[in-house]
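In what follows, chains are A, B, ... by sequence order, proteins preceding strands, each numbered from 1.
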Amino acid sequence: MSDVSQFKLPDVGEGLTEAEIVSWKVKVGDTIKVNDVIVEIETAKSLVELPSPYGGIVDGLLVEEGQTVPVGTPIIAVRSGSAGAAPPAEPAVEQRAEPGEPGSAGVVGGPGEDMVPPPVPAEPEERQAVLVGYGPRSTTARRRPRKHTPIDPAAAPAEASAALTAAFNAVDHSEVAVAEPDTPPLRQDQRVEAAEPAPAAAGVLAKPPVRKLAKDLGVDLSTVVPSGPGRTVTRADVEGKAGEAPTKAVGARTTGAGWDGQPREERIPIRSVRKATAAAVVQSAFTAPHVTEFVTVDVTRTMRLVRRLRESREFRDVRLSPLAVLARAMCIAVRRTPEVNARWDAQAGAIVVQRYVNLGIAAATPRGLVVPNIKDADQLSLRDLAIAINSLAATAREGRTAPPDMTAGTMSITNVGVFGVDTGTPILPPGESAIMAFGAVRKQPWVQGNKVRPRWVTTLALSFDHRLVDGEQGSRFLADVAAILEDPAQALVWV
Amino acid sequence: MTEMALGKAINAGLRRAMEGDAKVLVMGEDVGKLGGVFRVTDGLQKDFGEDRVIDTPLAESGIIGTAVGLALRGYRPVCEIQFDGFVFPGYDQIVSQVAKMHFRSAGRLRVPIVIRIPFGGGIGAVEHHSESPEGYFVHTPGLKVVAVSNPLDAYWMIQQAIALDDPVLFFEPKRRYWDKAEVDEDGSPALPLAAARVVQAGTDATVVAYGPMVRTCLDAAAAAAEEGQSLEVIDLRSLSPLDMPVLHDSVRKTGRCVVVHEAQRTLGVGGEIAARVTEECFYSLEAPVLRVTGYDTPYPPSRVEEEYLPDLDRVLDGVDRVLAF
Amino acid sequence: MTVETDATPPAGSPAHDEHELVQLLTPEGERIPNPEYEPLIADVTEDHVRGFYRDLVLARRVDTEAVALQRHGELGLWASLLGQEAAQVGSGRALRPQDHVFPTYREHGVAWCRGVDPGLLLGLFRGVDQGSWDPRENNFHLYTIVIGAQTLHATGYAMGVQRDGAVGTGDPDRDAAVIAYFGDGATSQGDVNEAFIWAAVTNAPVVFFCQNNQWAISEPLERQTRIPLYKRAAGFGFPGIRVDGNDVLACLAVTRAALHRAREGEGPTLVEAYTYRMGAHTTTDDPTRYRLAADLEHWKLKDPIERVKAYLTRTGGADHEFFESVEAEAEDLAEHLRTYCRELPDPLPTSIFDHVFVEPTPALLEQRDEMAAYLASFVTEEAHR
């Protein structure tokens with residue numbers, strides 16, 4: 001049998017990677033013996049003559065003189081057939097198969113195998129990425145194919161069973177035995193057999209970030225059902241536990257109930273009305289500079305008027321309240337100080353003075369605070385205004401306020417008085433420039449002339465947007481409203 | 001039962017080993033007539049002769065290298081390196097020859113030598129007499145490394161090390177040479193050479209130490225107990241191999257670990273333990289593994305060595321830090 | 001390519017002082033009388049000399065074949081003894097079976113004399129192991145790569161021989177000596193000097209055999225010493241002697257004398273075999289960068305094998321047939337070596353864990369299992385080299 005063997009360029013100098021073929025000492029067809037010098041190569045370290053590992057007939061010179069090739073490149077093919085030829089062999093030196101070369105897929109070319117000379121690797125056409133100082137980077141490196149995924153994410157942590165055993169063996173002590181300092185420590189030789197005192201969370205498996213999460217959320221790890229691999233408590237397990245009703249804070253010593261035996265904490269998702277209200281007050285509070293002014297008014301005349309009108313034919317089917325009078329007073333007073341009824345149009349760079357009043361009335365509903373408004377309230381008579389207010393409140397309580405009624409308000413009233421509260425510092429509904437808090441009306445001592453008499457007294461608090469409304473304007477408006485409430489006949493003069 | 005100082009316990013153990021095996025030799029600088037600068041080999045030359053207790057030339061590489069030759073000839077030399085800082089001239093023989101001989105001869109050759117090294121500080125010494133070079137040897141495959149902390153262990157472990165067919169670096173805490181304890185010379189060793197011991201049980205944190213720091217940590221644990229902290233103190237005893245199962249069991253129970261050594265922090269034994277404990281006990285850890293160590297400076301002048309070396313307060317600070325997580 | 005350098009020591013410089021060089025056979029193959037050392041080879045017959053010739057030729061053939069194998073890519077490295085055959089065969093043949101040898105990494109000729117199969121020398125250089133033979137079988141220690149380290153091992157071993165009472169008994173089969181081989185460069189190493197000290201103060205039965213082949217890689221003798229190396233011994237307190245390292249008979253005689261001293265309990269001797277490293281330091285080295293071709297020519301004239309051949313031819317101690325048969329044997333040996341080399345199996349990767357310790361540790365066994373599992377996870381093994 002005639003074999004063609006290839007001699008691959010060896011590493012002749014402990015870690016050389018390439019060599020130049022300087023000159024061939026044989027030509028195709030020559031008969032050579034083992035160890036005949038066949039070629040002179042030049043490496044980074046020296047000029048070296050290479051002896052042939054094979055005897056036979058030179059079948060091919062695979063690399064041209066002057067070419068530099070990597071270690072492992074076949075450089076000569078020798079056809080054996082004469083007696084005494086050495087069997088072809090793989091070079092012994094460290095050679096990782098270069099990507100793209102035969103053998104790089106991990107298949108071994110064994111002795112005796114007929115090997116067709118492969119093409120010399122072509123110079124790469126495209127530019128190779130170069131790490132400065134590190135040379136060109138090979139971009140064809142690949143992971144070798146595996147039989148199975150070596151890293152099994154579902155594999156149980158090795159300590160799982162060990163920790164459980166430790167926990168199982170642990171005995172709960174309230175006091176820990178401490179060695180006497182003088183006792184030779186070797187008497188205390190305790191290995192695994194001895195019972196050890198154990199803390200409450202012994203045996204719970206959870207990675208440090210999960211432990212921290214539990215601590216932050218006040219979750220006791222020992223109460224959490226673990227769902228992770230190897231019976232470890234996961235982040236989701238802790239969060240799930242935190243979302244449940246009774247959660248015990250770490251280290252708490254109480255029974256876990258809130259007052260009246262109710263759950264300790266109630267979690268209400270932030271949604272709809274509450275969410276909107278919160279957004280609105282935040283926007284308003286942090287956009288419009290609020291100023292609140294207060295005036296205390298003797299509203300006895302208004303109260304008498306209300307009583308009188310309630311008994312009149314006009315108002316028989318209308319529930320008239322002082323709130324309606326206040327609303328009417330504001331609509332009258334606004335004409336004298338229209339600035340309190342403006343809006344700040346940042347985009348247009350303009351203050352828009354509105355010559356109409358969309359009067360908002362703050363309503364407490366089961367779903368939260370809403371401020372529906374009465375469009376063109378200034379156009380309404382006292383009677384119609386009263387009807388509108390009543391209707392608006394009822395609708396709001398039923399949760400049926402139409403969306404258009406919720407927008408475009410210009411001024412509002414918040415009736416804190418119904419709660420028995422004297423006054424407050426209301427926050428403007430977004431887009432409005434004034435809001436009046438109407439306090440409780442109660443009998444109080446009042447000075448008239450030189451006498452102190454019981455009169456019906458209330459406090460009005462006007463919050464206004466100081467971008468639009470100066471102190472003078474706000475004060476004048478508030479004083480005018482107070483004046484009407486103090487003497488409703490004043491309205492005759494101003495309308 | 002005899003009360004013995006640690007240095008004397010080693011002496012007694014050496015004596016027993018030499019009585020039991022005629023191949024056991026003792027060799028080093030000043031070990032013969034003088035009995036060693038710490039008197040650890042006191043009286044041995046008188047009883048066993050100059051052929052077996054050898055005053056060597058002042059050449060550490062020579063001590064180790066000739067010990068290799070003696071071992072190849074069938075002897076069991078116990079070398080003494082006079083002080084920790086002087087092991088370095090012999091370092092090449094230790095890591096290039098002693099450590100590799102069994103491996104490179106495919107198991108045909110054995111080098112059953114023991115290299116005794118007094119180590120550690122706290123004795124007010126000048127330079128090179130207070131080092132903790134154990135890390136260089138723990139890092140070297142083919143060597144076994146132990147550090148004794150108390151007289152009873154010293155008595156038995158020197159005998160076990162001599163009997164072992166592998167080379168052993170035997171570190172002796174020189175500042176504890178005069179510590180005394182009861183030693184039953186006719187008993188038997190309580191533990192294998194490579195075993196760690198839970199010296200004192202506890203629940204709040206695991207404190208790991210070896211050599212001179214074991215005493216320090218026991219003192220710290222006693223002080224901690226008065227403050228209501230329960231510390232579990234482990235004496236590693238063997239540094240290579242490390243008896244990790246004992247540590248793992250402890251940390252799984254306490255969830256917290258502090259390693260204490262005199263050697264400088266970077267790449268000390270503490271770093272290796274931290275890595276292994278974190279790997280094996282990750283799901284039980286309440287806190288990272290902390291280390292209380294010497295600082296990353298050359299060993300300082302003796303006037304400031306007490307600030308350099310971990311002491312009771314620094315150990316307890318470490319415990320406090322690990323408990324704060 | 002040769003380079004003009006002044007690295008070549010000028011003739012007559014102190015380190016080379018060529019007086020007091022023991023020689024029994026000239027480069028031309030003529031015996032010269034030497035009253036002191038003649039008696040030591042009185043027993044040497046023509047048959048012995050033919051044997052030495054064969055040893056020298058085969059030692060050289062093993063060496064040149066190994067260099068070729070390295071060029072074939074079968075060995076990573078080889079350290080050639082070319083030119084030093086007589087120093088090694090002469091000293092090697094002076095040894096008794098119970099003597100123990102501590103070589104460097106170039107003593108293939110001594111290995112030959114100790115009966116170590118030449119194939120066993122290859123494992124280290126091929127990278128399949130770190131020493132294939134059992135030192136206890138032939139009393140020939142593994143090769144030591146760290147320069148000079150083995151001189152301490154030899155000295156300690158000799159101290160053990162003393163303690164075994166195998167010195168000065170007069171029993172030729174019991175009295176043992178130790179021989180440590182090292183080169184001129186090694187004499188600068190601390191370990192070698194410590195070994196001299198120890199051997200001197202303990203009177204150890206060790207022969208320090210220095211093959212001064214003039215070069216430590218590229219550094220000439222002048223870089224290691226100001227005085228002839230054999231004179232160093234006096235400073236330590238024991239005899240030193242220089243011998244013609246290319247004269248197999250002189251090397252035999254001088255080494256015998258030194259070994260005899262050791263066995264008798266008279267302590268160490270330093271033998272400086274003055275020779276020349278005809279090849280490169282190793283196959284990685286390029287001597288043309290630091291020495292002149294002219295030097296090689298000078299030393300070729302002193303070839304150790306040629307002089308023995310000339311001697312045998314002149315005395316009629318060997319004929320053409322003999323020389324041819326030795327050549328043929330050399331060819332067969334070379335073939336054996338090539339085949340043996342190519343068939344050397346690679347070690348099992350997990351075998352690296354087997355002999356780290358006499359008593360393996362649990363952690364090490366775990367690592368071994370880890371490696372085994374990792375390797376088994378691949379579809380195919382890496383292509384074997």
Side-chain angles (χ1 to χ4, degrees), chain A residues 7-16 33-39 41-55 71-72 75 84 86-97 101-111 143-152 158, chain C residues 1-3 61 64-79 122-123 125-128 217-218 280-290 330-332 334-346 366 370 373-385:
Chain A
F7 179 31
K8 292 184 181 171
L9 180 70
D11 166 13
V12 296
E14 288 182 277
L16 297 173
K33 300 193 314 299
V34 171
N35 287 342
D36 281 353
V37 173
I38 49 171
V39 68
I41 63 172
E42 180 159 18
T43 71
K45 295 188 184 179
S46 59
L47 269 179
V48 181
E49 290 182 338
L50 295 185
S52 172
Y54 314 122
V71 165
I75 57 172
E90 299 291 309
V93 296
E94 161 91 15
Q95 291 174 38
R96 189 145 293 139
E101 279 190 26
S104 65
V107 177
V108 182
R143 293 180 85 155
R144 290 155 52 201
R146 310 294 279 268
K147 290 176 188 162
H148 54 77
T149 319
I151 313 301
D152 184 358
Chain C
M1 174 184 72
T2 61
V3 173
R61 192 69 174 95
T64 52
E65 193 57 38
V67 171
L69 282 168
Q70 197 277 342
R71 296 299 186 225
H72 295 170
E74 298 291 344
L75 299 177
L77 185 75
W78 184 256
L122 301 177
F125 295 101
R126 186 170 166 86
V128 300
I217 308 187
S218 68
H281 168 66
T282 65
T283 45
T284 307
D285 182 34
D286 179 9
T288 63
R289 295 172 73 87
Y290 53 81
E331 279 306 310
D332 287 345
E335 174 71 36
H336 161 71
L337 212 63
R338 280 196 297 275
T339 309
Y340 187 97
C341 183
R342 290 187 183 123
E343 288 172 4
L344 273 174
D346 285 344
E366 275 174 31
E370 187 188 303
Y374 170 78
L375 294 174
S377 74
F378 288 95
V379 170
T380 56
E381 291 173 30
E382 281 262 68
H384 279 276
R385 294 143 214 162

Note to self: Once rounded to the nearest 0.5 Å, what's the spacing between atom OG1 of C/Thr283 and atom CG of A/Asp11?
What the structure shows: 9.0 Å
Notebook entry, point to check: Would you call C/Phe378 and A/Arg143 a side-chain contact if the rule is heavy atoms closer than 4.5 Å?
Noted result: no
Notebook entry, point to check: For A/Ser46, which residues count as a side-chain hydrogen bond (donor to acceptor under 3.5 Å, both in side chains) partner, sequence neighbours excluded?
Noted result: none
Notebook entry, point to check: What closest approach, in Å, do A/Pro10 and C/Gly73 show between heavy atoms, and which atom pair accounts for it?
Noted result: CB-CA, 3.4 Å
Checklist line | Partner of C/Arg71 by side chain to side chain contact (heavy atoms under 4.5 Å, CB included), out of A/Ile38, A/Ile41, A/Val37, A/Val12 | finding: A/Val12
Next item on the list: Measure distances from A/Thr43 to the heavy atoms of chain C and classify the residue's part below 4.5 Å as side chain, backbone, both or neither.
Entry: neither
Next item on the list: Write down the atom of A/Leu47, the atom of C/Asp286, and the distance for their closest heavy-atom approach.
Entry: N-OD2, 4.3 Å
Checklist line | A/Asn35: side-chain hydrogen bond (donor to acceptor under 3.5 Å, both in side chains) partners, not counting sequence neighbours | finding: C/Glu65, C/His72
Check: Can you find a heavy atom in the side chain of C/Ser377 that is under 4.5 Å from one in the side chain of A/Arg146?
Finding: yes
Next item on the list: Assess whether side-chain contact (heavy atoms from CB on, under 4.5 Å) is satisfied between A/Val34 and C/Arg338, documenting all intermediate values.
Entry: CA-CA 10 Å; A/Val34 171; C/Arg338 280 196 297 275; 3.6 Å; yes
